[in-house]
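I have placed the structure first, in the form of structure tokens, so that the comments after it can refer back to it.
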Amino acid sequence: MPASSSDNAPQGDLLIMDDDPSDPSTPPAQESAPWRILIVDDDVDVHVVTKFALSNAQFQGRRLCFLHAYSGKEALATLRATPDIALVLLDVIMETDDAGLRVARQIRADLHNELVRIVLRTGQPGQALEHSIICDYDINDFWSKADLTTRKLFTTVIASLRAYAGLQAAAADRAAMAAELDKARQLQALLGQQALVLKLDPKGRIVEASERLCQLAGARPEALVGHDLHALHAGAFPEPLVLDIKLTLARDGAWSGDIQTRAADGSALHLRCALLALSEPGGAPYEYVAVATLRDPAPGA
């Protein structure tokens, strides 16, 4: 419990954390991790009153855990050490007239913390000041301490926690998607080295060719892109084969079969191919993807 205003005032770098489950003196409990709220104010009474007003509050079945800082320096140190703080209740005027504003800017610009919600509180309200701060700083709410009743404080805190939870979930989804995309890119790079993969536009022009396919064709990718299949197969394809491919793709959206062609060195290639037409539901194909495997050993193997 922080000292009251009649006791010793907070000294430099004083940091108090209430009800932290990591505290060995706190009995273990089977419950979800609490929402961490950082109260930043140079007035001890503000810390006491704020904690008392929110002492019974819960959100999504999780209680609130309060951390305390009494200067901008302490606030930034706490945020660096505790990355899962959900909300900062931040006084504007502390060691300097703009200490809170500096902290708000550093949270976003220096700590790159876009998730934590920032609610500014001031004891010297002014409409012009409020408008300027709301427009110029990436904060989420701004209150005069005199106007922030217990009910309004509760509403502000719960709304901030709800916003933080939504942003946290979205960030987790983005991170998971980025990880999956990275795996897909690694797999694509590996397949590009070993597999024969070809992408064609709706007119049958080459859009992309894998590294292994280019090696067998004896051509660089840029020499193939924009050209039709004659860049890979100089002669004409057998008419029955072409007709079968066209009819099957139109009917089923996919074709598989054998194709005979030649490598750059003139040796025969027997390819087992699968061709897939990619299209939106009910629409015409926007791309064709062909994947082939060598039925015979590659030249020089």
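All values below were derived from every heavy atom in this structure, side-chain atoms included, with hydrogens, water molecules and symmetry-related copies excluded.
Judged by distance alone, the side chain of D201 and the main-chain N or O of G204 form a donor-acceptor pair under 3.5 Å. Remark: side-chain polar atoms of S210 are paired, donor with acceptor, to backbone N or O of V197 under 3.5 angstrom. At distances below 3.5 Å, at least one donor-acceptor pair connects side-chain atoms of N113 with backbone N or O atoms of V116. With hydrogens and angles ignored, the 3.5 Å screen pairs no side-chain donor or acceptor of H68 with any backbone N or O of H47. Here the side chain of E95 pairs a donor or acceptor atom with the backbone of G72 at under 3.5 angstrom. Using modelled atom types, one side-chain atom of R108 and one backbone atom of D138 make a donor-acceptor pair closer than 3.5 Å. Within the 3.5 Å criterion, the main-chain N or O of D228 finds no donor-acceptor partner in the side chain of R205. Formation of a donor-acceptor pair under 3.5 Å by the R36 side chain with backbone atoms of P34 is not found in this model. At least one donor-acceptor pair closer than 3.5 Å links the side chain of T149 to the backbone N or O of K152. For the pair S267 (side chain) and A263 (backbone), a donor-acceptor distance under 3.5 Å is absent.
Classified by interplanar angle (parallel below 30°, tilted 30° to 60°, perpendicular above 60°), the ring pair W35/Y164 is perpendicular.
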message: I'd like to know whether K145 forms a salt bridge (charged side-chain N to carboxylate O under 4.0 Å, His left out) with D43, so could you lay out the CA-CA distance, the side-chain angles of the two residues, the decisive distance to 0.1 Å, and finally the verdict.
response: CA-CA 12 Å; K145 292 178 182 178; D43 186 342; 5.9 Å; no
- request: Please test T248 against D244 for side chain to side chain donor-acceptor pair (under 3.5 Å), starting from the C-alpha separation and ending with a verdict.
  value: CA-CA 6 Å; T248 306; D244 179 47; 3.3 Å; yes
field: Residues L161, L64; criterion side-chain contact (heavy atoms from CB on, under 4.5 Å); working and verdict
entry: CA-CA 10 Å; L161 294 179; L64 310 186; 3.7 Å; yes
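The hydrophobic clustering, which links ILVMFWY residues whose side-chain heavy atoms are closer than 4.5 Å, places I107 and I134 together. I158 and V49 end up in different hydrophobic clusters when Ile, Leu, Val, Met, Phe, Trp and Tyr side chains are linked at under 4.5 Å. If you chain together hydrophobic residues whose side chains sit under 4.5 Å apart, L79 and L101 fall into the same group. Under a hydrophobic-cluster definition in which Ile, Leu, Val, Met, Phe, Trp and Tyr are linked whenever side-chain heavy atoms come within less than 4.5 Å, directly or via other members, L275 and V242 are assigned to the same cluster. V88 and F142 fall within the same hydrophobic cluster, defined by Ile, Leu, Val, Met, Phe, Trp and Tyr side-chain heavy atoms under 4.5 Å apart, directly or through other members.
For the pair R105 and Y137, the cation-pi test (distance below 6.0 Å, angle within 45°) is passed.
Side-chain contact between E287 and V289 is present, with heavy atoms from C-beta onward closer than 4.5 Å. Using a 4.5 Å heavy-atom threshold, the side chains of V157 and I37 count as touching. With contacts defined as side-chain heavy-atom distances shorter than 4.5 Å, the pair L111/L76 qualifies. In this structure the side chain of V46 never reaches within 4.5 angstrom of the side chain of D91, judged on heavy atoms. Using a 4.5 Å heavy-atom threshold, the side chains of T82 and L67 count as touching. Residues I206 and L200 form a side-chain contact, since some pair of their non-hydrogen atoms from C-beta on lies under 4.5 Å apart. Within the 4.5 Å cutoff, the side chain of F59 has heavy atoms near those of the R162 side chain. Using a 4.5 Å heavy-atom threshold, the side chains of L216 and L196 count as touching.
Here the closest heavy-atom approach between residue D147 and residue W143 is recorded as O-CZ3, 4.0 Å. Of all non-hydrogen atoms in L224 and A219, the two that sit nearest each other are CD2-CB, 3.9 Å. The two atoms that bring V119 and S160 nearest to each other are CG2-OG, 3.7 Å, heavy atoms only. The minimum heavy-atom distance linking L276 with G253 is given by the pair CD1-O, 3.5 Å. For the residue pair C214 and A209, the shortest heavy atom distance occurs at SG-CB, 3.8 Å. Nearest heavy-atom pair, L90 versus G100, reported as atom, atom and distance to 0.1 Å: CD2-O, 3.2 Å.
Salt bridge annotation for D97-R102: absent, with no cationic side-chain nitrogen under 4.0 angstrom from a carboxylate oxygen. Between R272 and D258 there is a salt bridge, since at least one side-chain N of the basic residue sits less than 4.0 Å from a carboxylate O of the acidic one.
With 3.5 Å as the limit, one finds a donor-acceptor pair spanning the side chains of S132 and D136. Side chains of T156 and R151: no donor on one and acceptor on the other come within 3.5 Å.
Taking CD of E211 as the start and CZ of R220 as the end, the distance is 10.5 Å to the nearest 0.5 Å. How far CG of L38 is from CD of E74: 10.0 Å, rounded to the nearest 0.5 Å.
For N56, the CG atom counts as loosely surrounded, since its 6.0 Å shell holds 12 or fewer non-hydrogen atoms of other residues, nucleotides or ligands.
Exactly one residue among T50, D141, D41 makes a side chain to side chain donor-acceptor pair (under 3.5 Å) with R121. That residue is T50.
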